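So that the names make sense, note that chain A is the first sequence line, chain B the second, and so on, each numbered from 1. Given the structure is predicted, the values throughout are model-derived calculations rather than measurements. We use all heavy atoms of the structure for the numbers below, so side chains are in, but hydrogens, waters and symmetry mates are not.
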2 protein chains.
Amino acid sequence: MIVKAETTAPSEQTRARLLDAAREVFSQHGFQNATVREICRRAKTNVASVNYHFGSKDGLLAEALNFAQLGALQLANVKTDERPEARLRSFIRDFMLMLLDEKTPSSQCQIMARELADPSPALDKIVREAIAPLHKFLGELVREIVGDKTSEAELRRCVHSILGQCLFYRHSHPVLQRLHPKLRYDHQEIDAIAGHIAGFSLEGIKYLAKKSG
Amino acid sequence: MIVKAETTAPSEQTRARLLDAAREVFSQHGFQNATVREICRRAKTNVASVNYHFGSKDGLLAEALNFAQLGALQLANVKTDERPEARLRSFIRDFMLMLLDEKTPSSQCQIMARELADPSPALDKIVREAIAPLHKFLGELVREIVGDKTSEAELRRCVHSILGQCLFYRHSHPVLQRLHPKLRYDHQEIDAIAGHIAGFSLEGIKYLAKKSG
DNA sequence: AAGCGTATCAAACACTTGTTTGAATGTAAA
DNA sequence: TTTACATTCAAACAAGTGTTTGATACGCTT
């Protein structure tokens with residue numbers, strides 16, 4: 001059938017399976033602790049396929065990265081005509097969902113979070129394509145709230161405070177699980193956490209605005 | 001000379017050298033990425049000595065851990081008769097110094113921070129001896145500020161917000177270094193960061209107290 | 001000095017890792 | 001059918017890991 005020729009070639013299928021499996025394993029175990037064999041097992045293919053299709057484990061990570069979702073989130077947020085406070089609220093909520101949701105995990109964001117603590121050769125690309133834009137976006141958003149009086153250094157520290165709170169729940173997950181075994185990151189809990197972070201941060205930001213202004 | 005017999009035996013010396021080197025390497029590279037060979041190189045001893053003196057790499061980590069400094073910090077803080085707001089301020093400052101100071105790095109705290117993201121077999125001990133007490137201490141301190149009205153869940157989230165902000169600077173150091181190459185964690189910069197975190201957090205906490213009260 | 005237990009060391013071991021190889025397989029054009 | 005090419009695979013490779021071994025050196029008692 002001609003149809004088959006128009007769909008993906010067989011080689012493209014294993015490529016896609018490898019990328020899916022790689023995103024899964026990298027986000028769960030981090031780059032260093034993820035093994036090529038585990039990835040290939042999940043992709044139901046041979047160990048050699050990684051090097052055949054992507055050259056190396058590094059190459060696989062580089063191609064598996066795709067921060068379109070995170071970028072789209074920021075773009076949609078900017079396009080809203082809501083007040084900056086509300087935009088910060090909803091961004092934190094969306095971001096926490098990407099970081100924590102057990103059902104629809106954005107493996108991209110989880111990989112990004114992991115890379116912070118344990119850099120891989122792809123860190124430069126990740127910083128350039130995901131982290132730097134994210135800091136820039138949040139910086140501009142906070143700037144709208146605090147006004148022009150606040151210094152760049154203080155503004156940056158606000159961004160760090162927000163990101164630090166968000167990432168804490170991802171980084172410390174194994175520990176928090178032990179401290180509070182009944183904890184589950186369902187939709188409701190994530191909403192509560194995001195609401196707290198937004199409220200907590202907005203007070204800090206507004207205080208800073210008053211102090212500087 | 002009899003004196004020599006009263007000082008440490010030669011075997012104790014290499015034990016001590018191993019522990020020192022282990023703390024150094026574990027705090028710099030994390031448990032997984034630290035190699036026994038690197039530790040022994042710095043301790044100027046043979047690879048086999050780790051297993052001879054500590055049984056295994058795990059055993060070495062277990063004995064290298066010592067959270068006395070962190071505990072002493074909390075005890076001294078409680079003993080102060082200052083107001084809780086001031087106590088939170090000074091604790092955050094001391095904690096950030098332990099986490100970031102390039103000159104006197106508290107390898108213990110850096111190991112603890114690393115374990116959050118990348119657990120080792122010693123995580124249980126670390127949670128029990130360092131992290132759980134730390135959360136408890138901060139919880140009680142924040143409770144003094146917010147009063148009895150605030151729920152346990154919200155109180156806990158405040159503690160998470162504080163810790164998240166503090167740990168962010170340690171976890172994200174490689175990334176922040178790339179975003180702001182001129183950044184240095186000297187005493188002055190750490191003071192500024194700690195001051196920001198304390199001010200930022202106190203506003204969030206007080207807001208929560210009002211909201212609940 | 002001889003004997004004994006501890007501590008150190010170079011070397012090897014067992015295992016895992018990412019990567020490479022060369023043969024086998026499938027696909028499509030000649 | 002034959003040929004050429006891309007893909008897949010089992011197996012091996014090379015390097016790094018924590019750990020073990022057996023010999024050697026040291027300090028101390030007898």
| For A:His29 and C:dT16, what is the distance between atoms NE2 and P respectively, to the nearest whole Å? | 16 Å

| query | Between C:dT6, C:dC9, D:dT19, which nucleotide has the shortest distance from any of its atoms to the side chain of B:Thr45? | reply | C:dC9

| Taking atom P of D:dG18 as reference, at what distance in whole Å does atom CZ of B:Arg37 sit? | 7 Å

| How many Å lie between CZ on A:Arg41 and C1' on D:dC9, as a whole number? | 16 Å

| note | In whole angstroms, the gap separating P of C:dC9 from NZ of B:Lys44 amounts to 12 Å

| To the nearest Å, how far apart are B:Gln32 CD and C:dT17 P? | 11 Å

| message | Between B:Ser120 and B:Glu115, do the side chains contain a donor N or O and an acceptor N or O under 3.5 Å apart? | response | yes

| query | Are B:His53 and C:dT8 close enough that a side-chain N or O sits under 4.0 Å from OP1 or OP2? | reply | yes

| task | Would you mind classifying the nucleic acid contact of B:Thr35 as base, sugar-phosphate or nothing, using non-hydrogen atoms under 4.0 angstrom? | result | sugar-phosphate

| task | Among the candidates C:dT19, C:dC9, D:dT19, find the nucleotide nearest to the side-chain atoms of B:Ser56. | result | D:dT19

| query | CD of A:Gln69: more than 12 outside heavy atoms within 6.0 angstrom? | reply | no

| note | Between A:Ala48 and B:Phe31, whichever has its closest DNA chain D nucleotide further toward 5' is A:Ala48

| Rounded interatomic separation in angstrom, taking CD from B:Gln13 and C1' from D:dG27 | 14 Å

| task | Look up atom CG in A:Leu88 and atom CG in A:Asn77, then write down how far apart they are to the nearest 0.5 Å. | result | 8.5 Å

| query | What nucleotide, of C:dG18, C:dT20, C:dT8, holds the atom closest to the side chain of B:Tyr52? | reply | C:dT8

| Has B:Thr14 got a side-chain N or O lying under 4.0 Å from the OP1 or OP2 atom of C:dT8? | yes

| Separation of C:dC9 C1' from B:Asn51 CG (nearest whole Å) | 14 Å

| query | Between D:dT8 atom C1' and A:Glu12 atom CD, what is the distance in whole Å? | reply | 15 Å

| field | Closest non-hydrogen atom pair, A:Gly195 against A:Arg89 | value | O-NH2, 3.9 Å

| Can a side chain N or O of A:Asn46 be found less than 4.0 Å away from OP1 or OP2 on D:dT8? | no

| note | When every non-hydrogen atom of B:Met98 is compared with those of B:Cys109, the smallest separation belongs to CE-SG, 3.4 Å

